[in-house]
Amino acid sequence: MPSLHLLSRLAIAVVLVAWSLPWLQGRKQALSLLAKNKPENLPEINKFSSHSYKLVNKVRNCEDGIIIEEDAFAILSCDSGRDLWNTVMGTFHPKRELIPNGKLWIYRYEEVDDSEKALAPVKFVGYPGALSFHPLGVEYDRDTSTLFVCNHHIDGSRVDVFTLDLSKSTPVAKHTRTILHPLIRTPNSLALLSGSEFYVTNDHYIRRRDSPLGALAETYLGIPGGTVTYVNIASEPIEVRTVARAPFANGVAILNASTVAVAATSAAEVRLYTRLDDNSLVQSGAIPVPYMPDNLSTNSDGSLLIAGHPHPPTLDKLVKHRRSCIAEDGTVPQECWKSNSPTWVARWTAERGLEDLYVSSKEFGSGATAAKDASRNVGIITGLYENGILVWRE
């Protein structure tokens, strides 16, 4: 007859296996994509009625792009300096003075026949000290002209806030405040609740600059070190609270008044959260996707666009190749600007589920964001390491 001690150990083992089984199944599903989604295995899917490269050799390395449908323009968050400085992918060039700043661009996509009118860089004024600008997620509150940017500043990541003046031929962003907080460690993406309240994702707890191996372990083991943080800059003092956790918390979007979507990149899913009265979040569901989701956007028609990376090892290889292209003066020659990392874009609605719109390992690479002006039937895809953007219609 088994001893009481042995039975206790068996009981503990059964509990541990039962507790870890969902995690193991989740990791199996996510990590299986590393083999399944090799570029040579991917289907080429294109459900656009038309699409074309735009702004080639004018903008590159655009991580985020948001569409202001009321005014028919997009704000593009681009960083040529990403080749030398990428805190998420672990690129830290030792000669900081050689790292160029990123830029925000206003792209008026209806001005398709006049590139001079279509594209304008945003000029920054009033930034304290030397400007260090490496933008990821960006959001804009049209009612208050307030611009929020996740800035991976060389001296520490933060959220910068500006007032955007679009009345001039060169748009001007006046710096109003910088948000530095222990709960905003690795800011990646933003979703606005008002001109003073927002959610910001932190993609990791372990930062690549602190521990490269630890950050990779957090990613590939699916450890929920990423967070969603609620911020209210109108309160005094500023209110900052962690309201949700997810493995590699990436893109975030407001689906409707009660639901928030968050890309859990390491889990290969988009998690849905119910928003409570105090702006806390409770997970209410998940949308599995056959790739690693990056940024999210919602359309005026209520659908959710999900862009992402089918095969992270190919993206890692691209980042290493880009580093090898860096010249002694910090420049990267134009022949190295093209991306060969696959892109996957899908659309989700509660009624129709998930629909693949664009999958390619041969055309537009490293897709990070898809956004659409539903009323004009114009969409954009940005590429984390791509030259230009993709403009599409259905």
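Numbers here are sequence positions counted from 1.
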Can you tell me how far SG of C62 sits from CG of L104, rounded to the nearest 0.5 angstrom? 10.0 Å
Nearest heavy atoms of S169 and P171, plus distance in Å: O-CD, 3.5 Å
Is there a donor-acceptor contact under 3.5 Å from the side chain of H152 to the main chain of I154? no
Atom pair CG (L119) and CD1 (I106), whose distance is rounded to the nearest 0.5 Å: 9.0 Å
Given side chain to side chain contact (heavy atoms under 4.5 Å, CB included), test N41 with K36 step by step and report yes or no. CA-CA 7 Å; N41 296 336; K36 182 179 179 181; over 6 Å; no
Could you give me the CA-CA distance, side-chain angles and deciding distance for T178 and D160, then say whether side chain to side chain donor-acceptor pair (under 3.5 Å) is met? CA-CA 5 Å; T178 290; D160 278 317; 2.5 Å; yes
Is there a donor-acceptor contact under 3.5 Å from the side chain of D64 to the main chain of N295? no
Roughly how far, to the nearest 0.5 Å, is the NE2 atom of H181 from the CZ atom of R241? 11.5 Å
Over all heavy atoms of both residues, which pair between D79 and P100 is shortest? Give the atoms and the distance, please. OD1-O, 3.9 Å
How long is the straight-line distance from CD1 of I389 back to OG of S52, given to the nearest 0.5 Å? 9.0 Å
Is F198 reachable from I238 through a run of I, L, V, M, F, W or Y residues, each pair having side-chain heavy atoms under 4.5 Å apart? yes
For the ring pair W85 and F92, is the centre-to-centre distance below 6.0 Å? yes
In the structure I gave you, are the side-chain heavy atoms of K58 and W105 within less than 4.5 Å of one another anywhere? no
Flag yes if Y199 and F148 sit in one hydrophobic cluster, no otherwise; membership is Ile, Leu, Val, Met, Phe, Trp, Tyr, and two members link when side-chain heavy atoms are under 4.5 Å apart. no
Just checking, is any N or O donor in the side chain of E139 or S189 under 3.5 Å from an acceptor N or O on the other one? no
Could you give me the CA-CA distance, side-chain angles and deciding distance for L318 and M89, then say whether side chain to side chain contact (heavy atoms under 4.5 Å, CB included) is met? CA-CA 11 Å; L318 168 64; M89 302 294 291; over 6 Å; no
Does S77 reach the main-chain N or O of G65 with its side chain, forming a donor-acceptor pair under 3.5 Å? no
Do F48 and V391 belong together in a cluster built from hydrophobic side chains that touch within less than 4.5 Å? no
Closest contact, heavy atoms only, S366 versus T343: N-OG1, 3.3 Å
Hey, what do you get for CZ (R82) to CZ (R322), rounding to the nearest 0.5 Å? 10.0 Å
Positive for side chain to side chain contact (heavy atoms under 4.5 Å, CB included) with L147, one of D141, I75, T176, T163: I75
Side chains of L193 and I254: does their closest heavy-atom pair fall under 4.5 Å? yes
Is there a side-chain contact between K47 and Y358 (heavy atoms, below 4.5 Å)? no
Under the rule for ring pair (Phe, Tyr, Trp, His ring centres under 6.0 Å), what residues qualify as partners of Y140, not counting sequence neighbours? none
Mind running side chain to side chain donor-acceptor pair (under 3.5 Å) on T91 and R323 for me, showing each step along the way? CA-CA 8 Å; T91 301; R323 290 177 194 150; 2.9 Å; yes
Give a yes or no on this: more than 12 heavy atoms of other residues, nucleotides or ligands lie within 6.0 Å of atom CD of E328. no
Looking at T382, is its backbone amide N or carbonyl O close enough to the side chain of T369 to form a donor-acceptor pair, meaning the two atoms are under 3.5 Å apart? no
Could you tell me which residues satisfy ring pair (Phe, Tyr, Trp, His ring centres under 6.0 Å) with F124, sequence neighbours excluded, listed by chain and number? F133, F162
Walk me through it: do L42 and Y291 pass the test side chain to side chain contact (heavy atoms under 4.5 Å, CB included)? CA-CA 11 Å; L42 284 176; Y291 55 100; over 6 Å; no
Charged N to carboxylate O below 4.0 Å: is that the case for E386 and R60? no
hydrophobic_cluster_shared for W392 and Y109, side chain cutoff 4.5 Å: no
Does the Q283 side chain pair with the main chain of R271, one donor and one acceptor, at a distance under 3.5 Å? no
Step-by-step side chain to side chain donor-acceptor pair (under 3.5 Å) determination, N202 to T227: CA-CA 5 Å; N202 294 278; T227 63; 3.0 Å; yes
On the 0 to 90° scale, with breaks at 30° and 60°, tag the H153-Y127 ring pair as parallel, tilted or perpendicular. parallel
Would you tell me whether S297 and N299 have side-chain atoms, one donor and one acceptor, within less than 3.5 Å of each other? no
Candidate list E110, E394, E70, test salt bridge (charged side-chain N to carboxylate O under 4.0 Å, His left out), partner R376, passing option: E110
